[in-house]
Engineer: 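Got a structure here, written out as structure tokens. Questions coming.
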Amino acid sequence: MKARLIRFLSATSQKIALRLFLLDEIVRMGGRARSLVGEIMQHPSFAEDWVQLLRFVGSEEPVLLVDIGAHHGVFSAGFLKYWEDVEVVALEPAEAAFRRLQRRFKHDPRVECLNHAISDQDCEREMLIDDGQTALNTFHHYTDSIRKVYSAKHARTEKVSCRKLASTVTLPLDRTVVVKIDVQGHEVPVVEGSLSWFRNVDAVLCEVSFSPEYEGLAPSFVRVAAALASQNLYPIAFQSFGITESNYAFERDVLFVRESRLQRAFDHPQK
């Protein structure tokens, strides 16, 4: 009973602390960020993306968002709400998820949907499909521990198209470039497969692993961080997702920003 109470109090304090941190951030930013108050109180894990990105990428900047592993387009749709001038390239390889992505944005000329996975070569390969939880579709088998955490059930496979970033998305010179990577264990091939492409990227929000999540794969954070650092992108924010499963980081969304933007971490709240 004591252990259960301690865990409950710990989880509750973490939720309160996250909300307070996010609210403190939007006090500094004001303007469009104030519309995030409701989302912070109801869905802080979603609000965390926008609040932390707004710290380093101003809402007034013209932005290209490259959403790798777009799934049903939830991230892209949220991004479009908080930045004033946005173009989106949303990439999703799995057929059913891609159809939903297309339907979501079929009337929005700002969004281009591409039915590709991003990898380190142009090819076709088999993807493991979880029809019950399509966000868990992956090229890699989960370890037993992670399979239990997520209740993952990959009942079938599907052949998908893989492309390198450099041969798929041409980056503009007149827009801030933000890249979101959520590819269930395939983040190293995404980044290392088109490394020089990231030279013109301003911010990367990437889901990475800190302990073994996939059979035969080492945790991805160190390699992703080293690769992005070689292109002057550095980790500045480690998000809270996964804390409810373990006090230790096994998976986190990590925000990397260009070296020239790191100073924005020292911006003071508005008086």
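Please read these numbers as outputs of a predicted model, since none were measured by experiment.
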Engineer: Are Phe221 and Phe238 an aromatic pair by the rule of ring centers under 6.0 Å?
Structural biologist: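 Yes: the rings meet the under 6.0 Å criterion.
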Engineer: Is there a path of hydrophobic side-chain contacts, each under 4.5 Å between heavy atoms of I/L/V/M/F/W/Y residues, joining Val224 to Leu91?
Structural biologist: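 Yes, Leu91 and Val224 fall within the same hydrophobic cluster.
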Engineer: Under a 4.0 Å threshold between the charged nitrogen and the carboxylate oxygen, would Glu61 count as salt-bridged to Arg264?
Structural biologist: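 Yes, this pair counts.
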Engineer: Distance from Asn200 atom CG to Thr176 atom OG1, nearest 0.5 Å?
Structural biologist: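 With rounding to 0.5 Å, CG (Asn200) is 12.0 Å from OG1 (Thr176).
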Engineer: Can you establish whether the number of heavy atoms outside Arg261 located under 6.0 Å from its atom CZ is more than 12?
Structural biologist: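 Yes, enclosed.
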Engineer: Could you grab the distance from atom CD1 of Ile26 to atom CZ of Arg55, nearest 0.5 Å is fine?
Structural biologist: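 Going from CD1 on Ile26 over to CZ on Arg55, the span is 12.5 Å.
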Engineer: So how far is it from Glu259 CD to Leu262 CG, rounded to the nearest 0.5 Å?
Structural biologist: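 Between Glu259 CD and Leu262 CG, I get 6.5 Å after rounding to 0.5 Å.
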Engineer: Just to verify, which of Gln184, His154, Glu213 counts as forming a side-chain hydrogen bond (donor to acceptor under 3.5 Å, both in side chains) with Tyr142?
Structural biologist: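 Output: one option passes, namely Gln184.
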Engineer: Between Tyr150 and Phe250, what is the ring plane arrangement, given parallel below 30°, perpendicular above 60°, and tilted in between?
Structural biologist: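 Answer is tilted, since the angle falls between 30° and 60°.
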Engineer: Check whether Val160 and Val188 end up in the same hydrophobic cluster, where Ile, Leu, Val, Met, Phe, Trp and Tyr are linked by side-chain heavy atoms less than 4.5 Å apart.
Structural biologist: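 Different clusters: Val160 never reaches Val188 through Ile, Leu, Val, Met, Phe, Trp or Tyr contacts under 4.5 Å.
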Engineer: Any non-hydrogen side-chain atom of Val179 less than 4.5 Å from a side-chain atom of Ile68?
Structural biologist: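 In contact.
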Engineer: Do His116 and Thr168 get their side chains close enough for a donor-acceptor pair, meaning under 3.5 Å?
Structural biologist: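 Looking only at side-chain atoms, Thr168 and His116 do not form any donor-acceptor pair under 3.5 Å.
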Engineer: Is there a side-chain contact between Val89 and Asp67 (heavy atoms, below 4.5 Å)?
Structural biologist: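 With C-beta onward as the side chain, the pair stays apart.
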Engineer: Could you go through Trp197 and Val66, starting from their C-alpha distance and side-chain angles, then the distance that decides it, and tell me whether this counts as side chain to side chain contact (heavy atoms under 4.5 Å, CB included)?
Structural biologist: CA-CA 12 Å; Trp197 183 91; Val66 182; 4.2 Å; yes
Engineer: State, to 0.1 Å, how close Ala227 and Leu195 come at their nearest heavy-atom pair, and which atoms those are.
Structural biologist: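 Closest approach of Ala227 to Leu195, heavy atoms only: O-CD1, 3.4 Å.
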Engineer: For the pair Lys180 and Asp182, evaluate side chain to side chain contact (heavy atoms under 4.5 Å, CB included) and give the outcome as yes or no after the intermediate values.
Structural biologist: CA-CA 7 Å; Lys180 175 270 222 171; Asp182 184 354; 3.9 Å; yes
Engineer: Once rounded to the nearest 0.5 Å, what's the spacing between atom CZ of Arg19 and atom CD1 of Ile40?
Structural biologist: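 Going from CZ on Arg19 over to CD1 on Ile40, the span is 9.5 Å.
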Engineer: I'd like to know if Asp130 pairs up with Lys153 as an ion pair, taking the criterion as any Lys NZ or Arg NE/NH1/NH2 lying under 4.0 Å from an Asp or Glu carboxylate oxygen.
Structural biologist: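 Judged by the 4.0 Å cut-off on N to carboxylate O distance, Asp130 and Lys153 do not form a salt bridge.
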Engineer: Residues two or more places apart in sequence or in another chain: which of them pass ring-ring contact (aromatic ring centres under 6.0 Å, His included) with Tyr234?
Structural biologist: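 None.
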Engineer: If you look at every heavy atom in Thr143 and Pro212, which pair is closest and at what distance?
Structural biologist: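 For Thr143 and Pro212, the tightest heavy-atom pair comes out as OG1-O, 3.7 Å.
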Engineer: Less than 4.0 angstrom from a charged side-chain N to a carboxylate O is my criterion; do Arg175 and Asp85 meet it?
Structural biologist: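 Counted as a salt bridge, because a side-chain N and a carboxylate O are separated by less than 4.0 Å.
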Engineer: Sort out for me which residue in Leu80, Val88, Leu65 forms a side-chain contact (heavy atoms from CB on, under 4.5 Å) with Arg110.
Structural biologist: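 Looking at Leu80, Val88, Leu65, the match for Arg110 under the side-chain contact (heavy atoms from CB on, under 4.5 Å) is Leu80.
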Engineer: Asn115 versus Ser161: any side-chain heavy-atom pair under 4.5 Å?
Structural biologist: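 No. Closest side-chain heavy atoms not under 4.5 Å.
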Engineer: Would Leu171 end up clustered with Val63 when hydrophobic side chains under 4.5 Å apart are linked, directly or stepwise?
Structural biologist: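 No, separate clusters.
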Engineer: Considering all heavy atoms of both residues, which atom of Phe198 and which atom of Arg258 are nearest to each other, and what is their separation?
Structural biologist: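 So the two residues come closest at O-NH2, 3.1 Å.
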Engineer: Verify, without hydrogens or angle tests, whether Glu207 (side chain) and Glu251 (backbone) share a donor-acceptor contact under 3.5 angstrom.
Structural biologist: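 No: the side chain of Glu207 does not pair with the backbone of Glu251.
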Engineer: Please determine whether the number of non-hydrogen atoms from other residues, nucleotides or ligands lying under 6.0 Å from atom CZ of Phe210 exceeds 12.
Structural biologist: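 For Phe210, atom CZ is crowded (more than 12 foreign heavy atoms under 6.0 Å).
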Engineer: Spell out, yes or no, whether Val27 and Leu20 are grouped together once hydrophobic residues are joined by side-chain heavy atoms under 4.5 Å, including indirect joins.
Structural biologist: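 Cluster IDs for Val27 and Leu20 differ.
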Engineer: Could you tell me whether the side chain of Arg104 and the main chain of His72 form a donor-acceptor pair under 3.5 Å?
Structural biologist: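 Yes; at least one donor-acceptor contact below 3.5 Å.
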Engineer: To the nearest 0.5 Å, what is the distance between OG (Ser209) and CZ (Arg223)?
Structural biologist: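 Reported value, rounded in 0.5 Å steps: 11.0 Å.
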Engineer: Let's go through Phe21 and Gln52 carefully: what are the C-alpha distance in whole Å and the side-chain angles of both, what is the deciding distance for side chain to side chain contact (heavy atoms under 4.5 Å, CB included) to 0.1 Å, and is it a yes or a no?
Structural biologist: CA-CA 10 Å; Phe21 163 72; Gln52 292 186 343; 3.7 Å; yes
Engineer: Between Leu53 and Val178, is there a side-chain heavy-atom distance shorter than 4.5 Å?
Structural biologist: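 Val178 vs Leu53: side chains touch.
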Engineer: Establish, from distance only, whether the side-chain atoms of Glu48 and Ser240 form a donor-acceptor pair under 3.5 Å.
Structural biologist: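 Yes, because at least one side-chain N or O of Glu48 sits under 3.5 Å from a partner of the opposite role on Ser240.
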Engineer: Would you say that Glu25 contacts Leu23 through its side chain, given a criterion of any heavy-atom pair below 4.5 Å between the two side chains?
Structural biologist: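 Not touching, per the 4.5 Å side-chain cut-off.
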Engineer: What heavy-atom pair brings Arg125 and Ser119 nearest, and what distance separates the two atoms?
Structural biologist: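 Scanning both residues completely, I find the closest heavy atoms to be NH1-OG, 4.4 Å.
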Engineer: Between Ser167 (side chain) and Lys164 (backbone), is there a donor-acceptor pair under 3.5 Å?
Structural biologist: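 Pair found, side chain donor or acceptor close to backbone of Lys164.
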Engineer: Linking I/L/V/M/F/W/Y whenever their side-chain heavy atoms sit closer than 4.5 Å, directly or via other members, would Val201 and Phe56 fall into one cluster?
Structural biologist: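 Val201 and Phe56: separate clusters.
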Engineer: Does Trp83 reach the main-chain N or O of Gly58 with its side chain, forming a donor-acceptor pair under 3.5 Å?
Structural biologist: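 Here the side-chain-to-backbone pair exists.
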Engineer: Using atom types as modelled and distance alone, determine if a side-chain donor or acceptor of Ser194 lies under 3.5 Å from a backbone N or O of Ala166.
Structural biologist: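 Indeed, once roles are kept as given, a pair shorter than 3.5 Å links the two residues.
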Engineer: Partners of Phe139 by ring-ring contact (aromatic ring centres under 6.0 Å, His included), sequence neighbours excluded?
Structural biologist: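 Only His186 meet the ring-ring contact (aromatic ring centres under 6.0 Å, His included) criterion with Phe139.
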Engineer: Would you call Val57 and Asp202 a side-chain contact if the rule is heavy atoms closer than 4.5 Å?
Structural biologist: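 A side-chain contact is absent here, since even the closest heavy-atom pair is not under 4.5 Å.
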Engineer: Which heavy atom of Val177 sits nearest a heavy atom of Pro172, and at what distance?
Structural biologist: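 The answer is CG2-CD, 4.4 Å.
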Engineer: With side chains defined as the heavy atoms from C-beta onward, is the minimum distance between Met127 and Thr138 less than 4.5 Å?
Structural biologist: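 When only atoms from C-beta onward are counted, Thr138 and Met127 do not touch, as no gap falls below 4.5 Å.
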Engineer: Please assess Glu39 against Tyr82 for the test side chain to side chain contact (heavy atoms under 4.5 Å, CB included), listing each intermediate value before the final yes or no.
Structural biologist: CA-CA 12 Å; Glu39 189 152 20; Tyr82 299 111; 2.9 Å; yes
Engineer: I'd like to know if Glu215 pairs up with Arg147 as an ion pair, taking the criterion as any Lys NZ or Arg NE/NH1/NH2 lying under 4.0 Å from an Asp or Glu carboxylate oxygen.
Structural biologist: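 Salt bridge: yes.
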Engineer: If you measure only the distance, is there a donor-acceptor pair under 3.5 Å linking the side chains of Ser220 and Glu187?
Structural biologist: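 Result is yes, a qualifying pair exists.
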Engineer: Enter the distance from Cys206:SG to Leu255:CG here, rounded to the nearest 0.5 Å.
Structural biologist: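 Atom-to-atom, Cys206:SG and Leu255:CG are 10.5 Å apart.
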Engineer: Do Asp49 and Phe75 have side chains that get closer than 4.5 Å, going by heavy atoms?
Structural biologist: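 The answer is yes; the side chains approach within 4.5 Å.
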Engineer: If every non-hydrogen atom of Val111 is compared with every non-hydrogen atom of Ala90, which pair is closest and at what distance?
Structural biologist: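 Nearest heavy atoms, Val111 then Ala90: CG1-CB, 4.5 Å.
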